[in-house]
Amino acid sequence: MKKNYALIVFLVTSFCFLNAQETLWQVDLKESLYEVGWIKQSNDGTVIASGAKGLVGLDHKTGETKWHNKELKAIDKNTFFTIDGLPLFYVEYMPLAGKTRGLIINSSNGEVVFDTKDDNYRIRNFIPIPEKGIILFELIKEKERNLMSFSLKTWKKNWVTPLGESKGLLQRLSGASFVNQGPFFNKENNIILGIKNEIFTLDFNTGEVLWNHTAKKKIKALVYSEINNSLYLGIRKSKVLTVLNPSTGEDITPGKLKLRGTLIDVRPDNDNNLILVETEGFNIITPETNEFKWKKSFKIEFLDEVIPHEKGFIAVGKSEKDGKIALVNPEGEKIWDSKVKGYSYYVTTTNKGVLYVSSERSNILDFEKGKDVWDKDVKFKSIPAVTYDEKEQKVVLFENEKGYKFDLNTGDIELFAEDVELEEVNKKTPLVAEYVDGSGYLLHADQHISLLSPEGELKYTQYYRPAASVDGFLNMAQTGLNIVGVDLDIQGSLDNINTLTALSNGVYLRSEDQTDGNSTSTVVAGMYTGANSDQMATVFEVTLTRFSNSKAIKTHKFVVTKVKGDTTKHFIYMINKKTGAKDAQIELLDKTPNYLIDEIDNVVFVNEKNRLITSHKF
């Protein structure tokens, strides 16, 4: 749940510089806080310092104290997290007398915008919905689930509504949402969401539960259709697809929507119809009549996924040993099908056909006959690292000591690098890739960095032993992806799957992608005042510029490492991506250092002697 955005955070006491750096400012907080327990950084850059005499917000450019809350003494740093795209952060305060309080604080001025006080709420997760002007916070109170609507216009709580008790243990800050389906908004603008086997519909303005539906088993799929203002409900192992009136909860299911197998999914197609996917096949539901479009469902072994496309529907059957992919026309008739060896954990469409990556092989099936586009299969033992070469306009894939270039337009693939041995890298290493203009492709993980030229030459490869403490380190990748329902372990970074999907859909530069070179500012939320839309005055606007634009021009990677010799030393290295050289470094004398690396502004904030905060420019 921690959202630290390219900050590397550790705990702290003293340091010395090997390479002289520019000191921007230094502040002694002994008088304000007595001692500094930890420092963090909010989304707007404000440095948050916690001590025995309160909580302080420092301007990250000048070091000036922006605010000081003397009540919030000795905050537990493990409760701190930021809220996406906004100058808001959450902490929990445990007073000497009284209950633990959860607080949402505006980092720009220190204002407490939400305080649980004596209600004993803890925030578990949050769902930003800027188009509706709200954030939905998931709160827990012992075993009770609660939903809070928080206004982005007034920065105040709209309402808190209890949503029943959980049978299991609810843990705060777990990162897992207890909202399993939705939220959706019906034509009355009411909020619809699914939690395990229940559906709740809440009044947008008051939070009142307008109606509640309880199913016998867990909800497998919940889809709201704006076309006919209907709510489609699929229950685990149920033989019936239920249709509800989203305004009243009334069951309006027609008699012809019975299932022959087990429901897998319900999703919209490209023509505002609904695709009903079940184990025994898939069919199309016409929203105007709530009836099946085809007399017979299309069947395929191990059906798991259906992808709508302008040429029809791609049906994907997945099993641990063998699967199948088929192209189905709009009338529900097979155009072709093709067997796939291994479990297809990634399937998408390209200009030349259906690209699949399985645990055994990868290829493209052409749209005409379902034949292999590539003469030879590409075999990946793990999820490949992915980036996009902006000059050559090709997707670059790297895995198992091999580099490939894939042209999305022609469908051609070429092997441009072989036997590339990276230091301390195996199939479990969650490598991600980044295009470095004029140099090649950066292959990196938390402690690893290598550069591969466009011609396939390994320019450098380096591994840095991790420091003793990596508390708060931003983990860019997930490893050991367990495919749901399948006894299969796919290693690698899940970020690469998202990048592949974006590239296949023509999105070559993504704001959250390391390769983003042309990002623009996007307003996430704002506060405005005025009599009407023509007379509005901007109070504040929060954008993603700080995060995406600075990443696009970043020329270095920061690594924290320990070096063993006669004595073990800890360093921060500022590594040049193009050369691999250490352009700057800081030696940390203490084994448990406390500092922040702000990769956005190339600044290091160090907490020295538990009272001095110093800002150094790399």
Side-chain angles (χ1 to χ4, degrees), residues 124-125 127 136 138 140 143-147 161-171 174-184 186 190-202 209-225 230-268 274-285 287 290-292 297 299-306 316-320 482-488:
R124 181 175 182 179
N125 211 331
I127 308 169
L136 293 178
E138 298 177 34
I140 58 172
K143 288 190 175 183
E144 183 184 76
R145 302 179 299 241
N146 293 267
L147 192 71
T161 298
L163 297 177
E165 291 191 354
S166 172
K167 294 181 181 179
L169 178 65
L170 285 174
Q171 295 182 351
S174 66
S177 173
F178 59 64
V179 175
N180 306 117
Q181 309 285 344
F184 308 105
N186 64 12
N190 297 324
I191 302 171
I192 304 172
L193 47 88
I195 300 176
K196 292 188 176 179
N197 66 326
E198 292 185 275
I199 301 173
F200 296 90
T201 297
L202 286 69
V209 177
L210 302 176
W211 60 265
N212 171 234
H213 178 89
T214 302
K216 293 182 179 179
K217 293 184 178 179
K218 185 177 180 179
I219 297 171
K220 181 73 174 180
L222 188 65
V223 177
Y224 172 69
S225 172
S230 294
L231 191 65
Y232 294 84
L233 169 63
I235 307 301
R236 182 174 175 268
K237 295 185 178 181
S238 174
K239 294 288 186 179
V240 178
L241 179 68
T242 304
V243 184
L244 302 177
N245 182 332
S247 300
T248 63
E250 176 189 0
D251 191 330
I252 55 173
T253 308
K256 297 182 179 181
L257 288 183
K258 293 182 179 180
L259 308 181
R260 294 184 177 181
T262 300
L263 180 78
I264 296 176
D265 192 18
V266 179
R267 58 167 298 179
L274 295 174
I275 307 172
L276 173 67
V277 186
E278 54 175 319
T279 52
E280 297 301 311
F282 78 96
N283 210 322
I284 308 300
I285 299 173
N290 267 335
E291 294 181 354
F292 288 126
S297 297
K299 295 183 178 181
I300 185 174
E301 281 187 309
F302 311 115
L303 180 62
D304 182 83
E305 180 183 9
V306 176
V316 184
K318 300 179 182 181
S319 74
E320 294 178 42
N482 293 311
I483 306 298
V484 178
V486 178
D487 185 17
L488 191 68

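Of all non-hydrogen atoms in N290 and S230, the two that sit nearest each other are ND2-OG, 4.1 Å. Smallest separation of non-hydrogen atoms from V243 and P254: CG2-CD, 4.1 Å. Considering every non-hydrogen atom in both A221 and L263, the closest pair reads CB-CD2, 4.0 Å. Of all heavy-atom pairs between I219 and Q181, the closest is O-NE2, 3.7 Å. Taking all atoms of both residues into account, the shortest heavy-atom contact from S177 to N180 is O-ND2, 4.4 Å. Looking at every heavy atom in both residues, I192 comes nearest to L231 through CG2-CD2, 3.9 Å.
Considering only heavy atoms from C-beta on, L136 comes within 4.5 Å of L147 through its side chain. Within the 4.5 Å cutoff, side-chain heavy atoms of F292 are placed close to those of L276. The shortest side-chain heavy-atom distance between L241 and V266 falls under the 4.5 Å cut-off. Counting heavy atoms from C-beta on, the side chains of I195 and F200 come closer than 4.5 Å. Using a 4.5 Å heavy-atom threshold, the side chains of V316 and V306 count as separate. A 4.5 Å side-chain heavy-atom check between H213 and L244 finds at least one atom pair inside the cut-off.
I140 CD1 to E165 CD: the interatomic distance, rounded to the nearest 0.5 Å, is 12.5 Å. The structure places OG1 of T248 at 10.5 Å from CG of L210, a figure rounded to the nearest 0.5 Å. Rounding to the nearest 0.5 angstrom, the gap separating the CD1 atom in I300 from the OG1 atom in T279 is 13.0 Å. Rounding to the nearest 0.5 Å places CD of E138 at 4.5 Å from CZ of F178. Once rounded to the nearest 0.5 Å, the distance linking CG of L193 with CG of L222 reads 9.0 Å.
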### Task
Just do the side-chain contact (heavy atoms from CB on, under 4.5 Å) check on I235 and K218 with the steps written out, would you?
CA-CA 6 Å; I235 307 301; K218 185 177 180 179; over 6 Å; no
### Task
Please assess N212 against T201 for the test side-chain contact (heavy atoms from CB on, under 4.5 Å), listing each intermediate value before the final yes or no.
CA-CA 6 Å; N212 171 234; T201 297; over 6 Å; no
### Message
What verdict does the side-chain contact (heavy atoms from CB on, under 4.5 Å) test give for F282 and I275, after you've listed the backbone C-alpha separation in whole Å, the side-chain angles of each residue and the deciding distance to 0.1 Å?
### Response
CA-CA 7 Å; F282 78 96; I275 307 172; 3.9 Å; yes
### Message
With side-chain contact (heavy atoms from CB on, under 4.5 Å) as the criterion, how do L163 and E198 come out once you've worked through the C-alpha distance, each side chain's angles and the decisive distance to 0.1 Å?
### Response
CA-CA 10 Å; L163 297 177; E198 292 185 275; over 6 Å; no
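When atom types are taken as modelled, the side chain of W211 and the backbone of L202 share no donor-acceptor pair closer than 3.5 angstrom. With hydrogens and angles ignored, the 3.5 Å screen pairs no side-chain donor or acceptor of E144 with any backbone N or O of G164. A donor-acceptor contact shorter than 3.5 Å links the side chain of N186 to the backbone of N190. Between the E278 side chain and the R260 main chain, a donor and an acceptor come within less than 3.5 Å of each other.
One finds a salt bridge joining K318 and E305 here, because a Lys/Arg side-chain nitrogen approaches an Asp/Glu carboxylate oxygen to under 4.0 Å.
Side-chain N/O atoms of E280 and S297 include no donor and acceptor closer than 3.5 Å.
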